[in-house]
Q: 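Once you've had a glance at the structure underneath, I'll fire off some questions.
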Number of protein chains: 2
Amino acid sequence: MARIRTAKDVSRKEVIIKAAAKLFHEKGYKAASMRDLAVKVGVEAASLYNHIRSKAELLHDICFDVANIFNAHINDVETSGKPPLEKFETLLRFHIRQMLENFEEVYVSDREWRYLADPYLSNFQNQRRNYRKRFAAIIEQGIESGVINKIDASTAVLIVLHAVSGIESWHRSTHKISGEILEENMMTILIDGLKK
Amino acid sequence: MARIRTAKDVSRKEVIIKAAAKLFHEKGYKAASMRDLAVKVGVEAASLYNHIRSKAELLHDICFDVANIFNAHINDVETSGKPPLEKFETLLRFHIRQMLENFEEVYVSDREWRYLADPYLSNFQNQRRNYRKRFAAIIEQGIESGVINKIDASTAVLIVLHAVSGIESWHRSTHKISGEILEENMMTILIDGLKK
DNA sequence: CCTACCGATCGGTAGG
DNA sequence: CCTACCGATCGGTAGG
């Protein structure tokens with residue numbers, strides 16, 4: 001007989017997803033086993049399946065949660081009425097902060113999405129492409145209004161998003177500068193450039 | 001009885017390594033099976049082991065080949081006698097071109113090295129750390145001589161290296177700008193910044 | 001939530 | 001270079 005899902009099930013599932021995000025970050029999706037995850041959660045592997053449907057579902061939940069967060073944010077930015085350069089800065093800071101605060105999930109969504117299965121894979125790729133187009137459009141507006149250098153907007157998006165994902169290295173490093181200082185440095189380098 | 005290794009063995013091995021780099025890029029190291037690789041090479045899986053010792057050896061060879069290329073290059077740059085900003089530009093262009101021309105190997109070395117087993121893993125990590133320190137030192141020199149903005153040099157290295165690895169997205173994209181134009185755009189964005 | 005277990009697939013070996 | 005096969009491990013299920 002089907003069990004009735006209670007609030008406790010939901011929070012238990014959230015614990016599992018959080019642990020999965022950590023594990024998928026540490027080992028990579030394919031190298032992470034459900035037995036590894038069970039150890040992290042403190043149950044037997046088989047018990048996980050009382051809360052989740054499959055390993056694939058975990059990856060799916062992580063990736064689409066992150067996608068929703070960024071989609072919601074770019075909606076806000078687009079309708080904010082700010083000038084283009086400010087819109088760009090807001091987006092960039094949001095990416096940096098998500099990478100600082102919501103690190104494992106964002107990392108997994110960024111690097112492990114390719115292990116999604118269709119139809120989720122195609123859906124995710126479309127969302128990703130769409131997000132980048134909207135990001136590029138904001139840069140284009142900045143170029144048109146003369147506040148951003150004449151560069152290829154897609155290349156700029158590519159650089160910015162990958163630069164932010166470099167915060168992974170920062171997380172790993174032993175003697176690291178603070179998150180705030182990192183953020184300001186990244187803003188300076190990407191906006192003002194390296195050359196004086 | 002042990003077989004005598006001939007020149008043909010070496011080239012066969014190189015074919016296998018090249019195919020492995022492609023496969024590891026496509027699927028990721030863990031998700032790529034030796035049976036997948038065998039199909040790519042056009043033999044049975046078991047036959048691969050006449051040329052290689054293990055799957056791990058393939059990853060090892062790819063990662064250390066790439067590390068050697070970049071180490072050799074930074075040696076040249078350090079002893080070139082060029083001013084710091086030119087040294088930086090030379091390094092950056094080399095990274096971009098390697099990512100354009102030697103794409104699969106560089107990508108695998110960059111993203112899949114974590115699946116190396118010790119003692120290779122530690123060795124690789126040390127080389128990587130060392131390389132980044134030398135790269136940062138060149139940026140520091142540029143800051144001291146007043147030609148580079150006062151930013152945290154480690155953060156700059158992190159941004160630059162990850163931005164370059166973003167060329168992965170460019171390779172995947174369908175209607176892409178030329179490699180030359182991509183290179184110039186990347187140089188402009190990272191050196192002069194996005195803001196006009 | 002656990003014990004017991006399954007079919008599939010993995011990297012790799014033996015032997016020719 | 002192939003056929004045949006191995007032990008280990010995987011994601012997941014049955015049944016309680």
Q: Against F24(B), only a single residue in Y107(B), Y115(B), Y29(B), W113(B) fulfils ring-ring contact (aromatic ring centres under 6.0 Å, His included); can you say which?
A: Y29(B)
Q: Which residues satisfy the salt bridge (charged side-chain N to carboxylate O under 4.0 Å, His left out) test with K150(B), sequence neighbours excluded?
A: none
Q: Quick one: list whatever passes ring-ring contact (aromatic ring centres under 6.0 Å, His included) with W170(B), sequence neighbours left out.
A: none
Q: For K176(A), does the NZ atom have more than 12 heavy-atom neighbours from other residues, nucleotides or ligands under 6.0 Å away?
A: yes
Q: Take the protein atom OH of Y115(B) and the nucleotide atom P of dC10(C), then report the distance between them rounded to whole Å.
A: 16 Å
Q: Between F124(A) and H60(A), does a ring pair (Phe, Tyr, Trp, His ring centres under 6.0 Å) hold up when you go through it step by step?
A: CA-CA 9 Å; F124(A) 188 86; H60(A) 169 263; 9.5 Å; no
Q: Is it the case that over 12 heavy atoms from other parts of the model lie below 6.0 angstrom from the NZ atom of K195(B)?
A: no
Q: Kindly write out the residues that satisfy salt bridge (charged side-chain N to carboxylate O under 4.0 Å, His left out) with K196(A), not counting sequence neighbours, or none if the list is empty.
A: none
Q: Classify every nucleotide of nucleotides 11-16 of chain D by which part a protein heavy atom approaches to under 4.0 Å, writing B for the base, S for the sugar-phosphate alone and - for neither, in 5'-to-3' order.
A: BBB---
Q: Tell me the interatomic distance from E44(A), atom CD, to dC2(C), atom C1', rounded to whole angstroms.
A: 7 Å
Q: DNA chain D in dot-bracket, Watson-Crick or G-U pairs under 3.5 Å, [ ] crossing, | other strand?
A: ||||||||||||||||
Q: With sequence neighbours left out, which residue pairs that include part of residues 67-86 of chain A fulfil the ring-ring contact (aromatic ring centres under 6.0 Å, His included) condition?
A: F70(A)-F94(A), F70(A)-H95(A), H73(A)-F94(A)
